[in-house]
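What you see is a predicted model; the values in this text were computed from it and never measured.
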Amino acid sequence: MSPEVLSELISSIAHNLVAAGQAGALTDELIPPVDKLAVMRPKDRAHGDWASNIAMQLAKKAGMKPRDLAEPFAAALAEADGIAKVEVAGPGFINITLDSASAAAVVDTVLAAGAVTDADKHLNKVNEYGRNDHLGGQTLNLEFVSANPTGPIHIGGTRWAAVGDAMARVLEANGAKVVREYYFNDHGEQINRFAKSLVAAWAEANNLGEAGYQTETPCDGYKGAYINEIAARVQAEAESDGVDLTALAHQDQGLNDDGEPLGEADTEVREEFRKRAVPMMFDEIQKSMKDFRVNFDVWFHENSLYADGKVDAAIEELKSRGDIFDKDGATWFESTKHGDDKDRVIIKSNGEFAYFAADIAYYWDKRHRAENSADVAIYMLGADHHGYIGRMMAMCAAFGDEPGKNMQILIGQLVNVMKDGKPVRMSKRAGNVVTIDDLVSVVGVDAARYSLARSDYNQNFDIDLALLASHTNDNPVYYVQYAHARSKNVDRNAAAAGISYEGADLALLDTEADGEVLAALAQFPSVLATAADDRQPHKVARYLEELAATYHKWYNVERVVPMALTDPETRGDDEARKALEIAKNPEPARAAARLKLNDAVQQVIANGLDLLGVTAPEKM
């Protein structure tokens, strides 16, 4: 019997008690929905398999003391099939002990779950266990990473790649339709700075400094070996297209009668670099994402908002709603009407669009596309974007939407890459940063994705390269993957010993270690639902680590395949040896039940790792 089934049973009992007049002033309308009736695992196993605080939740509404309300709940629960014992404890907790068959039913539930319909999209052989449809009917636009196309993706963007894709997988497992989107900032000053940096690198490589060309990287420009690489690629591509960059640069600068430059004006050559280099960075970013197992449904270009007139259209929409005004020669969004701390300029006095104008158009576009329009637009932004939340939510409200519902903004914190307790700066190509390709080259995709997805993105995080490269139980991804590989090895050994679980009696899973594993398996559906609702995929990783720990402990005390009894601590101790024989040399029926439990753990670990975009190996 799972926590979800117990919650449904408790809800039904609550309504029955109201109908029977045994719940004081409580009415049906005052009873919370089933998903709010939490069933918890007691810390002290002497208190049963599960516990409920339903009586304390409803006592005030019922006008009763919690213990007085708990008693009729306990009496009704005790009569339910599969429940061995119910006790009221403390101020009104209801402790529930299941019979062994009922507790073990989760094993059949796990293994009987059907295969997922889109199996070709999954890394592992997964099934439907844990999945639900409570977010069904919703289209969620999830925008993440969205790094400027001015360099390789650094460690902060890598964190969002791991968390964002895991988030999408978790939301889909709860029934939502998720549109993964990458927003390319290919419009504005960042791109100009990128182009200027490339021109300077090109001029230096071609010894054009003496001719008056700028060869030093602009103070606000981009540095790193990749700038030289891209500049050389642009030059080669231009030459193959018959474009002479040097001649074009001379034409831009203008020369006097003595052939000396008139001034610094690399407008045309800069544009040549911009139009060729930006697509090159697009290609690099897309390849990095694909290699990291992140596949986006939409690659959205900021420049298209201007080219297609969507910025103008969105501003006109806000103007029709009375939220646009003119002042000091500029056009303003009256965001203070909707909770922002100050109004925002959207068209500057010189006629140029402020950056926020694109944000307005982008949100409006997400919500009103002809295909896959977003019911919920989720933005995953870096730590430096915290100040944007007020204006973004004001804009959402101005369009008639509900902030926090139709628009949700998640802010990720910084990642520090460490080795032996010291910060790492290991990228020669991108300068003094760590990139996605750097990280993967050292620890691999699995370890990189898992380590970044297992941490709460609301908190700063230190990633230890030495730990992630190790094959020890201190390495969390190794620990979880090894549990899966170990379960596969149990299968191989069982097959060699002629053991199968066909017709297994799961009631024989009655030891304390069995019970711990069964309870862990039963909690997976609620963990998955909570991870989606809270937008916290790291909860899946932490669950997997707890399940792996429980499984490893079970493996060490309960055997499927018989083993020789060589433990010196039991020699001469008949009672200890007899107890060890039961665990290490089980009779066939108990071995079959344990094998089935082993395979249920294996399936849930595969399901969970798949949600994080991590493989479930068969051998390690």
- Item | Under the ring pair (Phe, Tyr, Trp, His ring centres under 6.0 Å) test, residues paired with Tyr363 that sit two or more places apart | none
- Message: Among residues at least two apart in sequence or on other chains, which ones pass ring pair (Phe, Tyr, Trp, His ring centres under 6.0 Å) with Phe194?
- Response: none
[X] to [Y] - nearest heavy-atom pair and separation:
X      : Y      : value
Ala358 : Leu305 : O-CD1, 3.5 Å
Leu544 : Tyr450 : CB-OH, 4.5 Å
Asn416 : Asp462 : ND2-OD1, 3.0 Å
Asp340 : Ala394 : CB-CB, 3.9 Å
Met407 : Cys396 : CB-SG, 3.8 Å
Ser455 : Arg542 : CA-NH2, 4.3 Å

When you compare the side chain of [Y] with that of [X], does any pair of heavy atoms fall below 4.5 Å?
X      : Y      : value
Glu143 : Tyr362 : yes
Phe353 : Ile315 : yes
Met392 : Phe356 : yes
Ser373 : Arg367 : no
Asn458 : Ile411 : no
Phe461 : Gln413 : no
Leu452 : Leu439 : yes
Leu465 : Val417 : yes

- Query: For Ile347, does its backbone N or O pair with a side-chain atom of Thr331 as donor and acceptor, under 3.5 Å?
  - Reply: no
Show every donor-acceptor pair shorter than 3.5 Å between a side-chain atom in residues 165-179 and any protein atom, with sequence neighbours excluded, or say none if there are none.
from	atom 1	to	atom 2	distance (Å)
Asp165	OD1	Arg180	NE	3.1
Asp165	OD2	Arg169	NE	2.8
Asp165	OD2	Arg169	NH2	3.3
Asp165	OD2	Arg449	NH1	3.2
Asp165	OD2	Arg449	NH2	2.7
Arg169	NH1	Asp610	O	2.9
Glu172	OE1	Arg180	NH2	3.2
Glu172	OE2	Arg180	NH1	3.0
Asn174	OD1	Asn132	ND2	2.7
Asn174	OD1	His134	ND1	3.3
Asn174	ND2	Val170	O	2.8
Asn174	ND2	Leu528	O	3.3
Lys177	NZ	Asn372	OD1	2.6

Which value, rounded to the nearest 0.5 Å, describes the distance between [X] atom [atom1] and [Y] atom [atom2]?
X      : Y      : atom1 : atom2 : value
Ile389 : Leu410 : CD1   : CG    : 9.0 Å
Lys275 : Ile191 : NZ    : CD1   : 15.5 Å
Leu135 : Leu140 : CG    : CG    : 7.0 Å
Lys223 : Asn228 : NZ    : CG    : 12.5 Å
Ile360 : Leu318 : CD1   : CG    : 5.5 Å
Arg486 : Ile605 : CZ    : CD1   : 11.0 Å

- Item | Intermediate values then yes/no, side chain to side chain contact (heavy atoms under 4.5 Å, CB included), Arg131 and Asn607 | CA-CA 10 Å; Arg131 293 171 176 258; Asn607 288 1; over 6 Å; no
- Inter- and intrachain pairs under side-chain hydrogen bond (donor to acceptor under 3.5 Å, both in side chains), touching residues 377-396, at least two apart: none
With a cut-off of 3.5 Å and sequence neighbours excluded, list every side-chain donor-acceptor pair involving residues 613-620.
from	atom 1	to	atom 2	distance (Å)
Thr615	OG1	Asp446	OD2	2.5

- Task: Start with the C-alpha gap between Ile227 and Thr217, add the side-chain angles, then the distance that decides, and say whether side chain to side chain contact (heavy atoms under 4.5 Å, CB included) holds.
- Result: CA-CA 10 Å; Ile227 289 291; Thr217 302; 6.0 Å; no
What side-chain donor-acceptor pairs closer than 3.5 Å can you find for residues 466-476, not counting sequence neighbours?
from	atom 1	to	atom 2	distance (Å)
Ser470	OG	Leu467	O	2.5
Ser470	OG	Thr472	OG1	3.3
Thr472	OG1	Asp474	N	3.4
Asn475	OD1	Val477	N	3.3
Asn475	ND2	Leu467	O	3.3
Asn475	ND2	Leu468	O	3.1
Asn475	ND2	Ser470	O	2.8

- Task: Apply side chain to side chain contact (heavy atoms under 4.5 Å, CB included) to Asp326 and Trp332, showing your working.
- Result: CA-CA 6 Å; Asp326 295 324; Trp332 298 69; 6.0 Å; no
- Query: Would you call Arg321-Glu317 a salt bridge at under 4.0 Å N-O?
  - Reply: yes
- Should the pair Lys287-Glu284 be classified as a salt bridge under the 4.0 Å nitrogen-to-oxygen rule? no
Partner set under side chain to side chain contact (heavy atoms under 4.5 Å, CB included) for [X], not counting sequence neighbours:
X      : answer
Ala161 : Val145, Met289, Phe292, Val294
Ala232 : none
Ser288 : Ile436, Asp437
Glu371 : none

Under 3.5 Å, is there a donor-acceptor pair between the [X] and [Y] side chains?
X      : Y      : result
Glu302 : Tyr355 : no
Glu181 : Asn141 : yes
His338 : Asp323 : yes

- Item | Under the side-chain hydrogen bond (donor to acceptor under 3.5 Å, both in side chains) test, residues paired with Arg276 that sit two or more places apart | Glu237, Asp241, Glu272
- Query: Is it true that atom NZ of Lys539 has more than 12 heavy atoms of other residues, nucleotides or ligands lying nearer than 6.0 Å?
  - Reply: yes
- Message: Can you tell me if Glu216 has over 12 outside heavy atoms packed within less than 6.0 Å of its CD?
- Response: no
- List the steps and the verdict of side chain to side chain contact (heavy atoms under 4.5 Å, CB included) for Val480 and Glu545. CA-CA 6 Å; Val480 174; Glu545 290 165 33; 3.8 Å; yes
- Inter- and intrachain pairs under ring pair (Phe, Tyr, Trp, His ring centres under 6.0 Å), touching residues 269-289, at least two apart: Phe184-Phe282, Trp202-Phe273, Phe282-His301
